[in-house]
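In this text, all values refer to a predicted model and were calculated from it rather than measured experimentally. Counting begins at 1 with the first residue of the sequence.
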Amino acid sequence: MSPMDVPVLVKDLKKWYGNFNAVKGINFHVNNSDCFGLLGVNGAGKTSTFQMLTGENDVSSGDAYIQGYSVRTNWREAGAMIGYCPQYDAIIKELSGEETLYMFARIRGIPESEIPTVVKAIIDSIGIGMYAKRQIKTYSGGNKRRLSLGIALVGLPDVLLLDEPTTGVDPKARRVIWDILSKVREFGSSLILTSHSMEECEALCTNLAIMVYGQFKCLGSPQHIKSKYGAGYTLLARLESPQWAKEVKREILRIFPGSVLKEEHVLQLNFELRRTEDQTWSSLFAQMEQIAERLHIVDYSLSQTTLEQVFLEFSREAGVLSKNESNPSFQNGTWTTKVAQENIY
Ligand SMILES: Nc1ncnc2c1ncn2[C@@H]1O[C@H](COP(=O)(O)OP(=O)(O)OP(=O)(O)O)[C@@H](O)[C@H]1O
């Protein structure tokens, strides 16, 4: 793929801080109107990746191209295509929200005559109308976050980089931000976001990668990742009395071979069911219906493994690896098969 083919192309991008390799050669691309999610535990290398894309941090090796411009050799041109909402609100607290947007509109080179309309449209869309003329130091954390997003939107850039755009934002405002981002995508902008909310990633991302210790461990659509790395299905069974637990466990393991009891509370059992080729939702429910009454299961639910469960599994594995850095498969840059053995059968 050539850098001119897509708005964002990242090729073998690496970041070293002294002897420490924070980003270990990642590759991805983002198409027009797509949203790419970068997920990872704290310290995985997401912000370092963003900072290399925005030119805030030098690239150690590899390269990234924004609308064909290299962030190493044409960083000014590449940067002009990017709107960036950083993780920590980079705003001058003595200015008002409106003044801030005017300032960024001028920096972006929007003609003076168009600025009032552009700024008003952004203020309306991010919903800070009431506070627009107040100093930012009086804003709540959520409103500062909305303003940071507004700044990134000035000039409707081709590529939007959003580092945890909804952290600290209340659920209603979060939906507003999701709506704005969906509209921005409809206009053709490409989005890259980091988030610790799996719900957010499922709502917004067309593709995502889970990053662990500076490397991508999986990449694909949320559905693809769930199907490939999810163990299958989650069964929650609530019992009439704890005395039935032993028998329920035995029976579940018998009718769903390979299933694993993940959690056990007084009256609730949580199983991960192994997925098989010929299984359908109706067959799963039919099997449960056959045993539910006899085993005094008061109610139960069956659901597909969530993205959060997949993420937690990778994170758990990351914890194991950090304690065992001599693990050869990790050093070779391949995801150890431990996850596969335990969860992908
Ligand atoms: N300037 C720096 N000098 C040395 N090490 C750094 C520097 N910046 C980041 N690191 C280290 O690089 C690794 C990746 O950090 P980074 O901030 O990119 O992770 P992250 O995935 O964005 O984490 P978070 O979710 O907490 O924001 C961490 O181990 C961090 O301590």
Side-chain angles (χ1 to χ4, degrees), residues 1-3 6-30 36-90 152 159-165 167 190-196 201 207-220 311 314-336 338-339:
M1 181 176 290
S2 127
V6 281
V8 182
L9 178 64
V10 174
K11 279 188 158 177
D12 203 23
L13 195 67
K14 292 185 186 154
K15 181 68 197 171
W16 290 85
Y17 296 108
N19 292 329
F20 177 64
N21 192 190
V23 178
K24 297 176 177 157
I26 55 170
N27 295 280
F28 66 96
H29 72 272
V30 189
F36 183 81
L38 211 47
L39 304 188
V41 290
N42 295 127
K46 306 177 297 292
T47 300
S48 300
T49 301
F50 265 34
Q51 289 177 339
M52 287 190 281
L53 296 181
T54 57
E56 205 178 330
N57 224 327
D58 289 341
V59 172
S60 302
S61 80
D63 207 345
Y65 303 87
I66 310 291
Q67 295 293 29
Y69 294 111
S70 156
V71 298
R72 300 189 80 168
T73 53
N74 296 101
W75 60 270
R76 272 182 200 282
E77 291 84 352
M81 305 288 165
I82 291 175
Y84 181 32
C85 174
Q87 189 171 356
Y88 300 104
D89 303 308
V159 176
L160 260 183
L161 300 183
L162 308 153
D163 202 350
E164 299 184 23
T167 297
S190 308
L191 273 53
I192 307 180
L193 70 86
T194 70
S195 176
H196 289 292
C201 291
N207 273 309
L208 57 88
I210 295 180
M211 199 169 184
V212 179
Y213 292 145
Q215 287 176 307
F216 284 174
K217 298 307 177 191
C218 61
L219 193 154
F311 179 81
F314 276 108
S315 307
R316 201 170 295 145
E317 187 71 7
V320 172
L321 287 169
S322 68
K323 288 184 207 135
N324 178 20
E325 291 186 348
S326 62
N327 184 320
S329 46
F330 178 64
Q331 286 184 341
N332 289 342
T334 347
W335 189 228
T336 168
K338 197 165 190 306
V339 165

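- Residues Ala78 and Ser70 share a closest heavy-atom pair of CB-O, 4.2 Å.
- Aromatic ring orientation, Phe28 versus Phe36: parallel (interplanar angle below 30°, classes split at 30° and 60°).
- The distance from the CG atom of Leu219 to the CG atom of Leu38 is 9.5 Å, given to the nearest 0.5 Å.
- Of all heavy-atom pairs spanning Lys217 and Gln215, the tightest one is NZ-OE1, 2.7 Å.
- We find the CD1-CG distance between Ile82 and Leu161 to be 5.0 Å, quoted to the nearest 0.5 Å.
- Listed for the Arg72 side chain is no donor-acceptor partner under 3.5 Å among the backbone atoms of Ser61.
- Side-chain contact between Gln51 and Tyr84: present, with at least one pair of heavy atoms (C-beta onward) separated by less than 4.5 Å.
- To the nearest 0.5 Å, the span separating OG on Ser190 from CD on Gln67 amounts to 7.0 Å.
- Put simply, the side chain of Thr194 does not reach to within 4.5 Å of the side chain of Gln87, judged on heavy atoms.
- If you take CG on Leu39 and CZ on Phe216, they are separated by 10.0 Å, rounding to the nearest 0.5 Å.
- A cation-pi contact links Lys15 to Tyr17, judged by a cut-off of 6.0 Å to the six-membered ring centre and 45° from its axis.
- Residues Asn207 and Gly220 share a closest heavy-atom pair of OD1-C, 3.1 Å.
- Shown here for Ala90 and Pro86, the closest heavy-atom pair between the two residues is CB-CG, 4.1 Å.
- You'll find the side chain of Val41 stays beyond 4.5 Å of the side chain of Phe314, heavy atoms only.
- Looking only at distances, no side-chain donor or acceptor of Lys46 sits under 3.5 Å from a matching main-chain atom of Met211.
- At least one donor-acceptor pair under 3.5 Å links the side chain of Ser60 to the backbone N or O of Trp16.
- With hydrogens and angles ignored, the 3.5 Å screen pairs a side-chain donor or acceptor of Asn27 with a backbone N or O of Asp12.
- Scanning both residues, Cys201 and Leu208, for their nearest heavy atoms gives CB-CD2, 4.0 Å.
- Proximity of a side-chain donor or acceptor of Asn74 to a complementary backbone N or O of Arg76 within less than 3.5 Å is not detected.
- For the pair Val71/Val59, a side-chain contact is recorded, criterion being any heavy-atom separation below 4.5 Å from C-beta on.
- Asp163 contributes atom CG, which lies 10.0 Å from atom OG1 of Thr49 (distance to the nearest 0.5 angstrom).
- Residue Leu13 holds its CG atom at 6.5 Å from CG of Leu53, rounded to the nearest 0.5 Å.
- In this structure, His196 and Glu164 approach most closely via the heavy-atom pair NE2-OE2, 3.1 Å.
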